[in-house]
Engineer: 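One structure, pasted below without further comment.
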There are 2 protein chains.
Amino acid sequence: MTSTDENVRYTPKGKRVTYTPQSAGQSAQNVIRVLEGRWKLMILFQLFVSKLLRFSELERAIPGISQKMLIQQLRQLEADGVVTRIAHPEVPPRVEYLLTEWGQSLCPVLDNLLTWAESAPDDLRARLIDPDAMSDQ
Amino acid sequence: MTSTDENVRYTPKGKRVTYTPQSAGQSAQNVIRVLEGRWKLMILFQLFVSKLLRFSELERAIPGISQKMLIQQLRQLEADGVVTRIAHPEVPPRVEYLLTEWGQSLCPVLDNLLTWAESAPDDLRARLIDPDAMSDQ
DNA sequence: CGGTATCCGGAATGATACTG
DNA sequence: CAGTATCATTCCGGATACCG
(Lines give C-alpha, C1' and ligand atoms only; values in the text may rest on other atoms or scores of the structure.)
Protein backbone atom coordinates (compact mmCIF):
# COMPACT_ATOMS: atom_id res chain seq x y z
CA MET A 1 0.00 0.00 0.00
CA THR A 2 1.84 3.06 1.26
CA SER A 3 -0.18 5.47 -0.84
CA THR A 4 1.26 8.91 -1.46
CA ASP A 5 -1.96 10.88 -1.58
CA GLU A 6 -4.92 9.40 -3.29
CA ASN A 7 -7.67 10.89 -1.17
CA VAL A 8 -9.18 14.32 -0.94
CA ARG A 9 -8.43 15.91 2.42
CA TYR A 10 -11.62 17.88 2.77
CA THR A 11 -15.24 16.87 2.43
CA PRO A 12 -16.77 20.06 0.97
CA LYS A 13 -20.25 19.92 2.43
CA GLY A 14 -19.91 17.18 5.04
CA LYS A 15 -18.37 17.95 8.40
CA ARG A 16 -15.58 15.39 8.86
CA VAL A 17 -12.14 15.57 7.29
CA THR A 18 -10.72 12.63 5.34
CA TYR A 19 -7.17 11.73 6.27
CA THR A 20 -4.42 9.76 4.65
CA PRO A 21 -1.68 8.41 6.93
CA GLN A 22 0.43 11.32 5.71
CA SER A 23 -2.09 14.09 6.20
CA ALA A 24 -3.17 12.71 9.56
CA GLY A 25 0.44 12.59 10.70
CA GLN A 26 1.02 16.08 9.39
CA SER A 27 -2.07 17.46 11.08
CA ALA A 28 -1.33 15.71 14.34
CA GLN A 29 2.15 17.22 14.24
CA ASN A 30 0.67 20.67 13.81
CA VAL A 31 -1.64 20.14 16.75
CA ILE A 32 1.09 18.79 19.00
CA ARG A 33 3.21 21.78 18.10
CA VAL A 34 0.62 24.01 19.76
CA LEU A 35 1.21 22.16 23.03
CA GLU A 36 4.97 21.87 22.72
CA GLY A 37 7.20 24.07 24.80
CA ARG A 38 8.72 23.63 28.20
CA TRP A 39 5.92 25.40 30.10
CA LYS A 40 2.75 25.40 28.02
CA LEU A 41 1.03 22.47 29.68
CA MET A 42 1.78 23.94 33.09
CA ILE A 43 0.22 27.23 32.03
CA LEU A 44 -2.81 25.50 30.56
CA PHE A 45 -3.56 23.41 33.64
CA GLN A 46 -3.28 26.49 35.82
CA LEU A 47 -5.86 28.18 33.61
CA PHE A 48 -8.08 25.09 33.51
CA VAL A 49 -8.37 25.35 37.28
CA SER A 50 -8.21 29.07 37.97
CA LYS A 51 -9.99 30.35 34.84
CA LEU A 52 -8.50 33.86 35.08
CA LEU A 53 -4.95 34.71 36.13
CA ARG A 54 -2.72 37.76 36.08
CA PHE A 55 0.77 37.60 34.67
CA SER A 56 2.30 37.77 38.13
CA GLU A 57 -0.07 35.12 39.42
CA LEU A 58 1.01 32.72 36.71
CA GLU A 59 4.61 33.56 37.46
CA ARG A 60 4.13 32.62 41.10
CA ALA A 61 2.03 29.58 40.35
CA ILE A 62 4.71 28.07 38.12
CA PRO A 63 7.94 27.66 40.09
CA GLY A 64 11.14 27.99 38.09
CA ILE A 65 9.72 29.82 35.09
CA SER A 66 11.35 33.06 33.94
CA GLN A 67 9.47 36.14 32.76
CA LYS A 68 10.91 35.66 29.31
CA MET A 69 9.64 32.11 28.96
CA LEU A 70 6.28 32.89 30.53
CA ILE A 71 5.53 35.73 28.15
CA GLN A 72 6.88 33.79 25.19
CA GLN A 73 4.73 30.71 25.80
CA LEU A 74 1.70 32.88 26.54
CA ARG A 75 2.16 34.78 23.28
CA GLN A 76 2.38 31.56 21.33
CA LEU A 77 -0.72 30.16 22.99
CA GLU A 78 -2.46 33.42 22.21
CA ALA A 79 -1.35 33.30 18.57
CA ASP A 80 -2.62 29.73 18.39
CA GLY A 81 -6.02 30.81 19.67
CA VAL A 82 -5.85 28.90 22.93
CA VAL A 83 -5.64 31.76 25.42
CA THR A 84 -6.90 35.33 25.46
CA ARG A 85 -4.89 38.27 26.76
CA ILE A 86 -6.68 41.19 28.37
CA ALA A 87 -4.64 44.30 29.11
CA HIS A 88 -6.28 46.81 31.43
CA PRO A 89 -5.17 50.40 30.75
CA GLU A 90 -4.23 51.19 34.31
CA VAL A 91 -1.22 52.26 36.34
CA PRO A 92 0.30 50.03 37.50
CA PRO A 93 -0.55 47.82 34.50
CA ARG A 94 -2.76 44.78 34.93
CA VAL A 95 -2.89 41.99 32.36
CA GLU A 96 -5.10 38.94 32.66
CA TYR A 97 -5.01 35.65 30.82
CA LEU A 98 -7.80 33.17 30.27
CA LEU A 99 -8.67 30.32 27.96
CA THR A 100 -10.61 30.86 24.77
CA GLU A 101 -13.70 28.75 24.28
CA TRP A 102 -11.69 26.47 22.04
CA GLY A 103 -8.92 26.40 24.60
CA GLN A 104 -11.38 25.27 27.25
CA SER A 105 -12.48 22.40 25.05
CA LEU A 106 -8.89 21.17 25.15
CA CYS A 107 -9.32 20.12 28.78
CA PRO A 108 -11.15 16.83 28.16
CA VAL A 109 -8.74 16.02 25.35
CA LEU A 110 -5.77 16.32 27.67
CA ASP A 111 -7.67 14.31 30.24
CA ASN A 112 -7.89 11.51 27.69
CA LEU A 113 -4.17 11.76 27.18
CA LEU A 114 -3.59 11.39 30.93
CA THR A 115 -5.97 8.47 31.06
CA TRP A 116 -3.99 6.84 28.29
CA ALA A 117 -0.80 7.39 30.27
CA GLU A 118 -2.41 5.81 33.33
CA SER A 119 -3.21 2.74 31.27
CA ALA A 120 0.46 2.18 30.47
CA PRO A 121 2.36 -0.87 31.73
CA ASP A 122 3.51 -0.30 35.32
CA ASP A 123 7.16 0.50 34.63
CA LEU A 124 6.31 2.99 31.90
CA ARG A 125 3.49 4.58 33.86
CA ALA A 126 5.86 5.38 36.71
CA ARG A 127 7.91 7.54 34.33
CA LEU A 128 4.88 9.29 32.90
CA ILE A 129 2.76 10.05 35.95
CA ASP A 130 5.37 12.24 37.63
CA PRO A 131 9.03 11.19 37.78
CA ASP A 132 9.40 11.88 41.48
CA ALA A 133 6.55 11.21 43.94
CA MET A 134 5.50 7.58 43.44
CA SER A 135 6.82 6.88 46.94
CA ASP A 136 3.28 6.28 48.14
CA GLN A 137 2.77 2.80 49.65
CA MET B 1 -4.95 29.49 45.84
CA THR B 2 -1.92 28.35 43.84
CA SER B 3 -1.24 25.34 46.01
CA THR B 4 2.21 23.84 45.88
CA ASP B 5 1.28 20.26 46.58
CA GLU B 6 -1.40 19.54 49.08
CA ASN B 7 -2.85 16.44 47.50
CA VAL B 8 -1.62 12.90 47.25
CA ARG B 9 -0.89 11.98 43.65
CA TYR B 10 -1.77 8.35 43.93
CA THR B 11 -4.85 6.59 45.25
CA PRO B 12 -3.35 3.40 46.70
CA LYS B 13 -6.19 0.96 46.14
CA GLY B 14 -8.48 2.90 43.80
CA LYS B 15 -7.71 3.11 40.12
CA ARG B 16 -7.69 6.83 39.30
CA VAL B 17 -4.85 9.24 39.99
CA THR B 18 -5.44 12.52 41.80
CA TYR B 19 -3.85 15.53 40.14
CA THR B 20 -2.95 19.01 41.22
CA PRO B 21 -2.55 21.62 38.49
CA GLN B 22 1.20 21.11 38.90
CA SER B 23 1.25 17.34 38.76
CA ALA B 24 -1.24 17.24 35.90
CA GLY B 25 0.87 19.70 33.94
CA GLN B 26 3.99 17.71 34.72
CA SER B 27 2.42 14.43 33.71
CA ALA B 28 0.93 15.86 30.54
CA GLN B 29 4.37 17.19 29.65
CA ASN B 30 5.85 13.74 30.09
CA VAL B 31 3.20 12.23 27.88
CA ILE B 32 3.59 14.85 25.17
CA ARG B 33 7.33 14.26 25.22
CA VAL B 34 6.69 10.72 24.01
CA LEU B 35 5.01 12.14 20.89
CA GLU B 36 7.47 14.98 20.32
CA GLY B 37 10.00 14.72 17.56
CA ARG B 38 9.91 15.77 13.97
CA TRP B 39 8.78 12.37 12.63
CA LYS B 40 7.11 10.40 15.38
CA LEU B 41 3.51 11.14 14.50
CA MET B 42 4.21 10.28 10.88
CA ILE B 43 5.66 6.96 11.95
CA LEU B 44 2.76 6.24 14.27
CA PHE B 45 0.07 6.92 11.69
CA GLN B 46 1.84 4.70 9.20
CA LEU B 47 1.78 1.91 11.78
CA PHE B 48 -1.83 2.62 12.73
CA VAL B 49 -2.77 1.88 9.14
CA SER B 50 -0.27 -0.75 8.06
CA LYS B 51 0.15 -2.60 11.35
CA LEU B 52 3.50 -4.11 10.42
CA LEU B 53 6.25 -2.39 8.46
CA ARG B 54 9.89 -3.03 7.66
CA PHE B 55 12.52 -0.37 8.20
CA SER B 56 12.83 0.24 4.47
CA GLU B 57 9.06 0.40 4.06
CA LEU B 58 8.83 3.12 6.68
CA GLU B 59 11.69 4.92 5.00
CA ARG B 60 9.83 4.92 1.69
CA ALA B 61 6.49 5.75 3.25
CA ILE B 62 7.84 8.88 4.91
CA PRO B 63 9.29 11.23 2.29
CA GLY B 64 12.18 13.39 3.42
CA ILE B 65 13.21 11.35 6.43
CA SER B 66 16.83 10.25 6.79
CA GLN B 67 17.92 6.85 8.04
CA LYS B 68 19.46 8.49 11.07
CA MET B 69 16.26 10.22 12.12
CA LEU B 70 14.08 7.21 11.34
CA ILE B 71 16.09 4.87 13.52
CA GLN B 72 16.41 7.48 16.25
CA GLN B 73 12.70 8.16 16.51
CA LEU B 74 11.92 4.45 16.29
CA ARG B 75 14.34 3.69 19.13
CA GLN B 76 12.73 6.35 21.30
CA LEU B 77 9.25 5.07 20.58
CA GLU B 78 10.48 1.59 21.42
CA ALA B 79 12.04 2.79 24.68
CA ASP B 80 8.75 4.50 25.52
CA GLY B 81 6.87 1.26 25.00
CA VAL B 82 4.88 2.44 22.00
CA VAL B 83 6.39 0.28 19.26
CA THR B 84 7.96 -3.15 19.14
CA ARG B 85 11.02 -4.01 17.11
CA ILE B 86 11.41 -7.49 15.69
CA ALA B 87 14.76 -8.39 14.15
CA HIS B 88 14.81 -11.54 12.04
CA PRO B 89 18.20 -13.28 12.04
CA GLU B 90 18.52 -13.53 8.29
CA VAL B 91 20.80 -12.40 5.53
CA PRO B 92 20.01 -9.88 4.26
CA PRO B 93 18.65 -8.60 7.59
CA ARG B 94 14.93 -7.99 8.03
CA VAL B 95 13.57 -5.83 10.83
CA GLU B 96 9.90 -5.20 11.40
CA TYR B 97 8.16 -2.57 13.49
CA LEU B 98 4.68 -2.68 14.96
CA LEU B 99 2.70 -1.01 17.70
CA THR B 100 2.54 -2.43 21.20
CA GLU B 101 -0.93 -3.00 22.62
CA TRP B 102 -0.57 0.24 24.55
CA GLY B 103 0.64 1.96 21.41
CA GLN B 104 -2.47 0.80 19.55
CA SER B 105 -4.64 2.33 22.23
CA LEU B 106 -3.07 5.67 21.39
CA CYS B 107 -4.96 5.77 18.10
CA PRO B 108 -8.35 6.93 19.47
CA VAL B 109 -6.57 9.45 21.69
CA LEU B 110 -4.90 11.05 18.68
CA ASP B 111 -8.20 10.92 16.87
CA ASN B 112 -9.67 13.03 19.68
CA LEU B 113 -6.83 15.47 19.22
CA LEU B 114 -7.60 15.76 15.50
CA THR B 115 -11.28 16.19 16.24
CA TRP B 116 -10.36 19.01 18.60
CA ALA B 117 -8.29 20.62 15.86
CA GLU B 118 -11.22 20.33 13.45
CA SER B 119 -13.38 22.20 15.94
CA ALA B 120 -11.06 25.21 15.86
CA PRO B 121 -12.17 28.58 14.47
CA ASP B 122 -11.86 28.61 10.68
CA ASP B 123 -8.64 30.61 10.39
CA LEU B 124 -6.84 28.50 12.98
CA ARG B 125 -8.16 25.23 11.64
CA ALA B 126 -6.68 26.02 8.24
CA ARG B 127 -3.23 26.11 9.80
CA LEU B 128 -3.73 22.92 11.75
CA ILE B 129 -5.40 20.62 9.26
CA ASP B 130 -2.52 20.59 6.80
CA PRO B 131 -0.73 23.84 5.90
CA ASP B 132 -0.88 23.25 2.15
CA ALA B 133 -3.84 21.50 0.55
CA MET B 134 -6.97 23.44 1.61
CA SER B 135 -7.37 24.43 -2.03
CA ASP B 136 -10.47 22.26 -2.30
CA GLN B 137 -13.66 24.04 -3.48
C1' DC C 1 3.67 45.33 37.09
C1' DG C 2 4.47 43.43 32.93
C1' DG C 3 7.12 43.22 30.04
C1' DT C 4 11.96 43.73 26.17
C1' DA C 5 16.64 43.01 24.57
C1' DT C 6 20.95 40.26 24.40
C1' DC C 7 23.95 36.72 24.90
C1' DC C 8 25.00 31.94 25.41
C1' DG C 9 25.15 26.63 25.89
C1' DG C 10 23.03 22.41 24.83
C1' DA C 11 19.83 19.70 22.50
C1' DA C 12 17.39 18.42 18.29
C1' DT C 13 17.75 17.96 13.47
C1' DG C 14 19.98 17.56 8.98
C1' DA C 15 23.74 16.09 5.44
C1' DT C 16 26.91 12.90 4.24
C1' DA C 17 29.76 8.91 4.30
C1' DC C 18 30.61 4.30 5.75
C1' DT C 19 29.50 -0.90 7.35
C1' DG C 20 28.17 -5.95 8.98
C1' DC D 1 18.95 -4.18 4.28
C1' DA D 2 19.35 -1.90 8.32
C1' DG D 3 21.71 0.44 10.36
C1' DT D 4 26.53 3.75 12.58
C1' DA D 5 29.57 7.55 12.76
C1' DT D 6 30.77 12.27 12.10
C1' DC D 7 30.16 16.95 11.34
C1' DA D 8 27.38 21.21 10.55
C1' DT D 9 23.39 23.87 11.66
C1' DT D 10 19.40 25.39 13.56
C1' DC D 11 16.47 25.79 17.44
C1' DC D 12 15.10 26.25 21.88
C1' DG D 13 15.57 27.56 26.70
C1' DG D 14 18.03 29.77 30.63
C1' DA D 15 20.54 33.88 32.67
C1' DT D 16 20.93 38.53 33.03
C1' DA D 17 20.03 43.36 32.51
C1' DC D 18 17.04 47.06 31.41
C1' DC D 19 12.35 49.81 30.56
C1' DG D 20 7.48 52.40 30.37
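Here the structure is a predicted model, which means the values were calculated and not measured. Per chain, numbering begins at 1; letters A, B, ... match sequence-line order.
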Engineer: Counting C-beta onward and ignoring hydrogens, is there a side-chain heavy-atom pair between A/Y97 and A/I43 closer than 4.5 Å?
Structural biologist: no
Engineer: What's the CG-C1' distance between A/L70 and D/dA15, to the nearest Å?
Structural biologist: 16 Å
Engineer: How long is the straight-line distance from CG of B/L47 back to CG of B/L106, given to the nearest 0.5 Å?
Structural biologist: 11.0 Å
Engineer: Is A/R127 paired with B/D80 through a side-chain N to carboxylate O contact shorter than 4.0 Å?
Structural biologist: yes
Engineer: Count the heavy atoms belonging to other residues, nucleotides or ligands that lie under 6.0 Å from CD of A/E101, then report whether that count exceeds 12.
Structural biologist: no
Engineer: Would you tell me if any nitrogen or oxygen in the side chain of B/R60 comes within less than 4.0 Å of OP1 or OP2 on D/dA2?
Structural biologist: no
Engineer: Starting at CG of A/L74 and ending at C1' of C/dT4, how long is that distance when rounded to a whole Å?
Structural biologist: 15 Å
Engineer: Check if the side chain of A/K68 and the base of C/dG3 share a donor-acceptor pair of N or O atoms closer than 3.5 Å.
Structural biologist: no
Engineer: Do any side-chain nitrogens or oxygens of A/W39 fall under 4.0 Å of OP1 or OP2 in D/dC12?
Structural biologist: no
Engineer: Looking at A/R54, does any N or O in its side chain come under 4.0 Å of the phosphate oxygens OP1/OP2 on C/dG2?
Structural biologist: yes
Engineer: What is the distance, rounded to the nearest whole Å, between atom CZ of B/F55 and atom P of D/dC1?
Structural biologist: 11 Å
Engineer: Can you tell me if the side-chain N/O atoms of A/R38 get under 4.0 Å from OP1 or OP2 in C/dA11?
Structural biologist: no
Engineer: Pick the closest DNA chain D nucleotide for A/P93 and for A/Q72 by heavy atoms, then say which residue is nearer the 5' end.
Structural biologist: A/Q72
Engineer: Rounded off to whole Å, could you give me the CZ-to-P distance for the A/R85 and C/dG2 pair?
Structural biologist: 10 Å
Engineer: Provide, to the nearest angstrom, the distance between the CD atom belonging to A/E57 and the C1' atom belonging to C/dG2.
Structural biologist: 13 Å
Engineer: Could you please name the option among C/dG2, C/dC1, D/dT4 that lies closest to any side-chain atom of A/P92?
Structural biologist: C/dC1
Engineer: Distance check needed: D/dA2 C1' versus B/I86 CD1, whole Å only.
Structural biologist: 15 Å
Engineer: Could you tell me whether the phosphate oxygens of C/dG14, OP1 or OP2, come under 4.0 Å of any side-chain nitrogen or oxygen in B/S66?
Structural biologist: no
Engineer: Strictly below 4.0 Å: does A/Q73 bring a side-chain N or O up to OP1 or OP2 of D/dC12?
Structural biologist: no
Engineer: Specify the residue among B/G37 and A/I71 whose closest nucleotide of DNA chain C lies further upstream toward the 5′ end.
Structural biologist: A/I71
Engineer: For the pair made of CD in A/Q67 and P in D/dC19, what is the distance, rounded to whole Å?
Structural biologist: 15 Å
Engineer: Donor-acceptor pair, B/S23 side chain versus B/Y19 backbone, under 3.5 Å?
Structural biologist: no
Engineer: Expressed in angstrom and rounded to an integer, what is the separation of A/E36 atom CD from D/dC12 atom P?
Structural biologist: 8 Å
Engineer: Measure from the side chain of A/M69, starting at C-beta and using heavy atoms only, and say which of D/dG13, D/dA2, C/dG3 lies closest.
Structural biologist: D/dG13
